[in-house]
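Computation of the quantities below employed the complete heavy-atom set of this structure, encompassing side-chain atoms and omitting hydrogens, waters and symmetry-equivalent molecules. Per chain, numbering begins at 1; letters A, B, ... match sequence-line order.
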Amino acid sequence: MKIHSFMSPSERLSSFSILRFHGLNIAFSAGILLFSACTTNPAGYIRTLPTDAEVAQYNASVEPEERIVCRRETPVGSNVPRRVCRYVRDIEDTSRFHREQLKRVLR
Amino acid sequence: MQTPSRRQSESRAPHRNRGACWLLLACTALSPAALLAEAPNHFNEARAQELLLAGQAALEDGDLSLAQTNLDQAIQLFKINEGLYSTEQLAPIEQLMWAQMRAGLWPQLDTSLGYYYWLLERIESTTLDAQLAIAKNMRGLYLEAAAHPNNPMPPRHLSAAMRTNWQTLSYIEATLGAQHPALLPWLYDGLLLQFIESRLNERQGLTNYQYKTNGSEFISGWSLSRREAKAASHSIGLSLLDRIETISRASIQAERVQAGAQDTTAYEAARLQQLNAALALYRGDWERLIDNENGARANYAEADRLAAFHKVPRAPELLPRASFETDPEILASETKSGETSVSQHWAARFPGVTQRIIDALMGY
């Protein structure tokens, strides 16, 4: 994992040498594991989602945009809240897309 | 025929000779040995060490300016004497960062942090103990920075302290395995950090910081609400206790296997019973800290199945306990020892966090 000059100290912390030897692999594997846990299987039901502790530990090892945010959301058409986990980069992409759509509509 | 200038020089000759004599006398008096003894050898190895010690002493005395000067010089000397990527630089940089942090020099601290991590990246030969010591020192630095009254972004530093703890857990898992007892103190420290985070969350306007302040820019619009952040913090604490339970159980069972004797079964059962009671006590504490009295009572009742746990104090002001213990005698005495420091609050922005908890995290 490389340290970049533009990274803040806390981000540089993510590149801390204690994780260097396996850091990226651990983070990558953990990301896949965490996210495979988020997906639905062919039978249609949701598998166990990562715990808050697992998410926090994973988030400590990756760049900010690779981090995961889990929260409870109530989907449209339902009153039952469910836990949803997303990558920060996906959230930001979606937000950007929606902002642009809104701008286009309001233009 | 002599030129005017030649005549002038001849007339000055006796004066010049006298001057030369004085110079000779002066040189004899100040022998080369004496000059050498007085002129400091700036590249002397011992001098770098002296500067480091002087810097440390100044830091302890609270003379932050002198500490920075000495430590800065020590770093430069180590760089020259030992090499650009020398491990000798680590100690003075660590001390310098403490001095800069205490002086509230945040941009300078950021620069030193940058150099420190850059250097760590390049130092290959290191041991597990050395890495854990580095992690503990950095966690302590970030914690103290978070409490600094002039810190413009305390949540960023608290977040960095927590991240250091998580990274250390990942590191120990990768090095020693996910069930190694070396994880236990770091897991419990993680719980203490969650508690500190929850206290900061209590302050209005500081919710969601974990996600907002991780990078150089504030990110908003997708972070957790205060209620969600509190729930996440509580659930992380419970998960950490679950992991402590798993590892402690595995450790007790592994000890029996290693002993290889059958008569250890009763001893193992007693230890497991004690572990169950201790964990119930800690889970009760964790519930009490979020004012869930029903949950706390249920867990305490579980702990009290073992008579020895009746006398372990559980008043809210004594919680969370400084460390994880399973022996009820030690638990009782250590918790009671905290009674004297109940009023010693750590920092104004962390209501309810006593110095006792910070001392435990700092390893005092």
Side-chain angles (χ1 to χ4, degrees), chain A residues 1-27 29-30 49-73 81 83-84 86-96 98-99, chain B residues 109-114 116-124 126 128 131-132 134-135 138 142 156-157 159-160 162-175 187 190 194 210-211 213-217 219 221-225 228 231-240 242-243:
Chain A
M1 199 177 287
K2 292 286 173 208
I3 295 178
H4 304 291
S5 57
F6 57 79
M7 291 163 82
S8 71
S10 55
E11 287 168 63
R12 286 188 202 115
L13 196 65
S14 304
S15 307
F16 196 20
S17 67
I18 61 171
L19 288 173
R20 186 182 47 199
F21 59 106
H22 283 320
L24 202 56
N25 290 339
I26 290 170
S29 318
L49 288 164
T51 64
D52 289 315
E54 285 167 340
V55 170
Q57 187 164 0
Y58 164 76
N59 283 347
S61 313
V62 292
E63 304 290 327
E65 63 273 17
E66 296 298 320
R67 289 181 189 150
I68 294 170
V69 176
C70 292
R71 62 185 307 173
R72 290 179 74 76
E73 288 181 6
R83 191 168 152 83
V84 183
R86 294 191 183 91
Y87 278 116
V88 168
R89 62 157 189 266
D90 291 343
I91 297 170
E92 285 177 345
D93 286 349
T94 310
S95 302
R96 199 174 300 120
H98 285 145
R99 274 199 303 273
Chain B
L109 175 63
D110 279 356
T111 307
S112 298
L113 279 167
Y116 187 64
Y117 287 118
W118 175 86
L119 190 62
L120 281 175
E121 272 285 294
R122 278 150 188 85
I123 293 170
E124 294 296 335
T126 184
L128 175 71
Q131 293 281 16
L132 295 185
I134 285 170
M138 293 311 292
Y142 287 129
R156 194 182 88 170
H157 287 110
S159 203
M162 295 174 79
R163 211 157 37 251
T164 307
N165 203 72
W166 284 118
Q167 288 176 343
T168 311
L169 283 168
S170 298
Y171 173 60
I172 299 170
E173 281 172 8
T175 316
L187 286 167
Q194 288 299 325
Q210 195 171 4
Y211 304 107
T213 60
N214 276 347
S216 52
E217 288 176 12
I219 304 162
W222 47 269
S223 52
L224 301 180
S225 69
E228 282 177 311
S233 186
H234 184 68
S235 105
I236 290 172
L238 291 178
S239 294
L240 290 168
D242 288 348
R243 285 201 63 196

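Rounded to the nearest 0.5 Å, atoms CZ (B:Arg163) and CG (A:Asn59) are 9.0 Å apart.
Nearest heavy atom pair, residue B:Ile236 against residue A:Ala56, reads CD1-CB, 4.1 Å. Listed here is the closest heavy atom pair of A:Ala60 and B:Gln167: O-NE2, 2.7 Å. Taking both residues in full, the closest heavy atoms of B:Trp166 and A:Ala53 are given as CH2-O, 3.8 Å, listed atom of the first, atom of the second, then distance.
Residue contact with chain A, scored on non-hydrogen atoms closer than 4.5 Å, involves the backbone and the side chain of B:Leu169 alike.
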